[in-house]
Amino acid sequence: MNQPLAGYAPAPVTARMENHGSHMLKVAMQTGNDLLARVGSMVAYEGFIQYEPNPPAVRQIARDWITGEGAPLMKCSGDGLLYLADYGANVVVINLNGDGISVNATNLLAFDAHLQWGVERVKGLAKFAGQGLWNTKISGQGWVALTSRGKPIVVDCGGGEDETYVDPDALVAWSPNLKVKGKRSFKAQSLIGRGSGEAYQMAFSGQGIVVVQPSEDSTDRLRIRG
């Protein structure tokens with residue numbers, strides 16, 4: 001019976017975080033190296049791992065989370081292997097080396113608990129979106145896992161004068177040092193995105209990357225807060 005399923009067995013552990021296929025994250029858990037993960041994302045685990053949903057430290061840091069109800073995170077601690085997923089979405093693993101990334105909260109799957117993180121307003125968009133948009137910035141030395149509705153593209157903005165334009169509903173993450181501004185386009189409103197109103201894009205410039213998913217899932221995306 002095991003022979004036909006042999007190709008699906010876990011591979012040996014080679015890193016703190018790694019993909020098991022395109023749609024699942026494998027995390028090597030160790031005591032003292034806790035993980036923060038999206039609530040409900042655990043699909044399996046081996047060993048002894050404990051879970052604490054929305055711990056006090058998370059509630060304090062994320063009081064301005066874009067949902068307005070606190071961060072939907074749980075603290076995972078212990079020893080073993082932990083497997084996470086988010087409704088079959090693609091999983092993207094990033095190893096931060098002292099740098100940072102700004103992530104749409106709906107695309108945040110897990111990250112090392114020792115990383116510095118917080119919820120902050122996206123600068124340069126207030127005049128286009130009322131009170132502005134909010135995102136989660138993570139920085140330091142450690143691992144982060146994101147989700148994408150389909151295989152994403154990572155656009156290198158380079159350092160030139162040209163700007164990179166992204167539909168907000170397809171945006172996953174970007175380098176926090178990039179300059180961001182909003183752009184409205186009336187002529188392109190029937191060609192960009194799926195909204196019935198005026199077309200609205202986010203323009204990025206500077207040195208860094210932008211991660212874009214092939215899906216305009218507007219369910220609880222970068223939410224405008226009053």
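In this text the structure is predicted, and so the values were computed from the model without any measurement.
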Please walk me through it: do Met74 and Ser41 pass side-chain contact (heavy atoms from CB on, under 4.5 Å)?
CA-CA 9 Å; Met74 59 183 178; Ser41 61; 3.9 Å; yes
Which residue pairs pass the salt bridge (charged side-chain N to carboxylate O under 4.0 Å, His left out) test when at least one of the two sits in residues 200-211, sequence neighbours left out?
none
Evaluate the side-chain proximity of Leu171 to Asn104: yes if any heavy-atom separation is below 4.5 Å, no if none is.
no
Looking at residues at least two apart in the chain, or sitting in another chain, which of them share a side chain to side chain donor-acceptor pair (under 3.5 Å) with Gln141?
Asn97
Hydrophobic cluster partners of Tyr87 (side-chain heavy atoms under 4.5 Å)
none
Distance (rounded to the nearest 0.5 Å) between Lys151 NZ and Ser22 OG:
8.0 Å
To the nearest 0.5 Å, atom CD of Glu52 lies from atom OG of Ser77 at 8.0 Å
Is it true that a side-chain atom of Thr147 and a backbone atom of Asn90 form a donor plus acceptor pair closer than 3.5 Å?
no
N-O pairing of Asp86 and Arg149 below 4.0 Å
yes
Identify whether Met42 and Val39 are in the same connected component of the hydrophobic contact network (ILVMFWY, side-chain heavy atoms under 4.5 Å).
yes
Between Val212 and Val172, is a side-chain contact (heavy atoms from CB on, under 4.5 Å) present by the stated rule, with each step listed?
CA-CA 5 Å; Val212 183; Val172 173; over 6 Å; no
For Asp34, all residues meeting salt bridge (charged side-chain N to carboxylate O under 4.0 Å, His left out), sequence neighbours excluded:
none
Roughly how far, to the nearest 0.5 Å, is SG of Cys157 from CH2 of Trp174?
11.5 Å
Over all atoms of both residues, closest heavy-atom pair of Leu146 and Leu108
CD2-CD1, 4.2 Å
All heavy atoms of Phe111 vs all of Leu35, minimum pair found to be O-CD1, 3.4 Å
Contact between Met29 and Cys76 at the side-chain level, heavy atoms closer than 4.5 Å - yes or no?
yes
Residues which pass side-chain contact (heavy atoms from CB on, under 4.5 Å) with Lys179, listed by chain and number, not counting sequence neighbours:
Ser205
Here the gap from Leu82 atom CG to Ile49 atom CD1, rounded to the nearest 0.5 Å, amounts to 5.0 Å
Give a yes or no answer on whether the side chain of Ser148 reaches the backbone of Gly150 with a donor-acceptor pair at less than 3.5 Å.
yes
Residues which pass side-chain contact (heavy atoms from CB on, under 4.5 Å) with Asn95, listed by chain and number, not counting sequence neighbours
Trp143
Closest contact, heavy atoms only, Thr136 versus Ala105
OG1-CB, 4.1 Å
Quick one: does any side-chain atom of Arg16 pair with a main-chain N or O of Asp112 as donor and acceptor, under 3.5 Å?
no
Can you list everything that forms a side chain to side chain donor-acceptor pair (under 3.5 Å) with Asp79? Sequence neighbours excluded, please.
Thr31
Keeping to residues at least two apart or across chains, list the ring-ring contact (aromatic ring centres under 6.0 Å, His included) pairs with something in residues 22-49.
Tyr45-Tyr51
Within this structure, what is the NZ-CE distance for the pair Lys181 and Met202, rounded to the nearest 0.5 Å?
13.0 Å
Do any pairs count as a salt bridge (charged side-chain N to carboxylate O under 4.0 Å, His left out) and have a residue in residues 17-27, sequence neighbours left out, and if so which ones?
Glu18-Lys26
Check Gly208 against Asp156 and note the closest heavy-atom contact, atom names and distance.
O-OD1, 3.4 Å
Can you name the closest pair of heavy atoms from Leu96 and Gly140 and give their distance?
CB-O, 3.4 Å
Residues in salt bridge (charged side-chain N to carboxylate O under 4.0 Å, His left out) with Glu46, at least two apart?
none
Suppose we screen for side chain to side chain donor-acceptor pair (under 3.5 Å). Which residues come up paired with Ser102, at least two apart in sequence or across chains?
Asn135
Quick one, Ser139 with Leu115, criterion side-chain contact (heavy atoms from CB on, under 4.5 Å). Give me CA distance, side-chain angles, the key distance, then yes/no.
CA-CA 6 Å; Ser139 61; Leu115 288 169; over 6 Å; no
Answer with yes or no whether the hydrophobic clustering places Ile138 together with Val154; edges join I, L, V, M, F, W, Y residues whose side-chain heavy atoms lie under 4.5 Å apart.
yes
Transitive ILVMFWY cluster of Val13, excluding itself - 4.5 Å side-chain cut-off
Met24, Val43, Leu81, Tyr83
Closest non-hydrogen atom pair, Ile101 against Ala173
CD1-CB, 3.8 Å
